[in-house]
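Worksheet: the structure to be examined is printed underneath.
Just the heavy atoms: all of them, side chains too, but no hydrogens, waters or symmetry mates, feed the values below. Just follow the structure's listing: the first ligand is 1, and inside any ligand the first atom is 1.
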Amino acid sequence: MDARVAPAERLPIAILISGRGSNMRAIAERARDGRLPVDVRVVVSDQPDAPGLATAAAMGIPTRTLQARGFRDREAYDAALAELLASFRPELIVLAGFMRILSPPMVARFAGRMMNIHPSLLPKYPGLHTHRRVLAAGDAVHGASVHFVTEELDGGPLIIQARIDVRAEDTEESLSARVQRQEHRIYPQAIEWFARGRLELRPGPGGVQAWLDGRPLAHPVLVDARGVDDCSNSSSASSSVE
Ligand code: GAR
């Protein structure tokens, strides 16, 4: 990407985390460097002890914690979360290891403006323990996916995926580490496309669909871990766009 982006041209975003926040950090560092045209307005966690909160604070990003305890149900929590987010006026909500299922009203409120990253090649292995399930199934390939959020858990339209080989000696930990390295490439890429107005969610005949550069994505953009190293260069990653 080119040089620094003027603040007025940066897309305001909010990032939701529950834990370490390495994806949040990858995004925030690129924003700070001027490689990603976004302004991280706030990092919100549902866990007060999420290590990512300290990381964000150290980078000068406002942080908030909203615990589920005390709310009568999921919808009440989500309503408070939506209000908190809206007060920062984000144009994109970035779920980065936010380990809560969102209620339909919350998803509807930010329809087309919310993305998630998931540690598997969706639609394989939605939900938890993806690395364990890949090893148990004996899969030869694994990876990560970025998708728009819809009401279906880990089921919204796919945007970009990164693929890695599974090695004979792999463990959950080694897979997690290699998948995360790829996550740190593909999430900033998807956000960059959105921030530059190249990516959107549009209604289609079979439901909503992700569109990139004016064309529906029949398949997610695929980045091979053995392939191009610099995913921040969108022309390299978009070679497989159909
Ligand atoms: C990431 O691997 C992300 O894909 C996963 O949580 C991790 C968060 O890591 N998300 C999910 O499993 C959501 N279904 P991080 O806190 O270091 O970014």
Side-chain angles (χ1 to χ4, degrees), residues 13-32 36 38 40 42-59 61 63-66 68 74 78 81 92-103 106-107 110 114-136 139 141-164 166 170-191 220 223 225 231:
I13 69 170
I15 306 180
L16 272 57
I17 64 169
S18 295
R20 184 164 52 159
S22 69
N23 279 285
M24 177 278 299
R25 180 189 199 131
I27 295 160
E29 284 180 349
R30 285 164 177 76
R32 187 183 59 191
L36 187 58
V38 300
V40 184
V42 66
V43 170
V44 179
S45 173
D46 62 323
Q47 303 294 329
D49 53 357
L53 285 171
T55 306
M59 296 181 76
I61 299 168
T63 61
R64 297 288 186 276
T65 299
L66 190 65
R74 186 175 300 281
D78 282 0
L81 178 61
L92 180 68
I93 309 294
V94 173
L95 305 182
F98 187 63
M99 303 307 280
R100 287 183 59 84
I101 294 172
L102 299 177
S103 58
M106 173 77 176
V107 173
F110 296 105
M114 190 184 283
M115 285 183 197
N116 183 42
I117 189 151
H118 183 77
S120 78
L121 293 173
L122 291 170
K124 289 190 100 172
Y125 311 119
L128 299 174
H129 309 304
T130 58
H131 312 305
R132 190 183 308 171
R133 290 154 70 197
V134 162
L135 290 172
D139 290 355
V141 290
H142 184 30
S145 308
V146 178
H147 64 94
F148 280 110
V149 174
T150 60
E151 281 188 25
E152 190 188 343
L153 179 67
D154 299 327
L158 292 164
I159 300 163
I160 185 169
Q161 293 184 318
R163 217 170 35 177
I164 64 163
V166 180
D170 265 323
T171 61
E172 281 186 57
E173 291 69 31
S174 65
L175 279 182
S176 169
R178 290 213 308 290
V179 165
Q180 283 229 312
R181 275 204 292 281
Q182 297 308 312
E183 292 187 336
H184 301 164
R185 302 169 66 196
I186 62 174
Y187 216 177
Q189 176 66 89
I191 293 166
V223 174
C231 189

Side-chain donor-acceptor distances from residues 46-57 under 3.5 Å, at least two apart:
from, atom 1, to, atom 2, distance (Å)
Asp46, OD1, Ser18, OG, 2.7
Thr55, OG1, Pro51, O, 3.3

Query - Chi angles and distances behind the side chain to side chain contact (heavy atoms under 4.5 Å, CB included) call for Val94, Tyr187 - result: CA-CA 9 Å; Val94 173; Tyr187 216 177; 3.4 Å; yes

Query raised in the report: At their closest point, which heavy atom of His184 faces which heavy atom of Arg30, and how far apart are they?
Result: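 Smallest heavy-atom distance, with atoms named: O-NH2, 3.3 Å.
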
**Report entry** Candidate pair His147 and His118, rule side chain to side chain donor-acceptor pair (under 3.5 Å), full reasoning
**Finding:** CA-CA 8 Å; His147 64 94; His118 183 77; 6.0 Å; no

Query raised in the report: Passes side chain to side chain donor-acceptor pair (under 3.5 Å), Tyr125 versus Asp139? Steps please.
Result: CA-CA 12 Å; Tyr125 311 119; Asp139 290 355; 2.7 Å; yes

Requested in this report: Output the set of protein residues with a heavy-atom contact under 4.0 Å to ligand 1, ordered first by chain identifier and then by residue number.
Outcome: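 Within 4.0 Å of ligand 1, protein side: Arg20, Gly21, Ser22, Asn23, Gly97, Met99, Ile117, His118, Pro119, Asp154, Gln180, Glu183.
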
Query raised in the report: More than 12 foreign heavy atoms under 6.0 Å from CZ of Arg25: is that the case here?
Result: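 No.
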
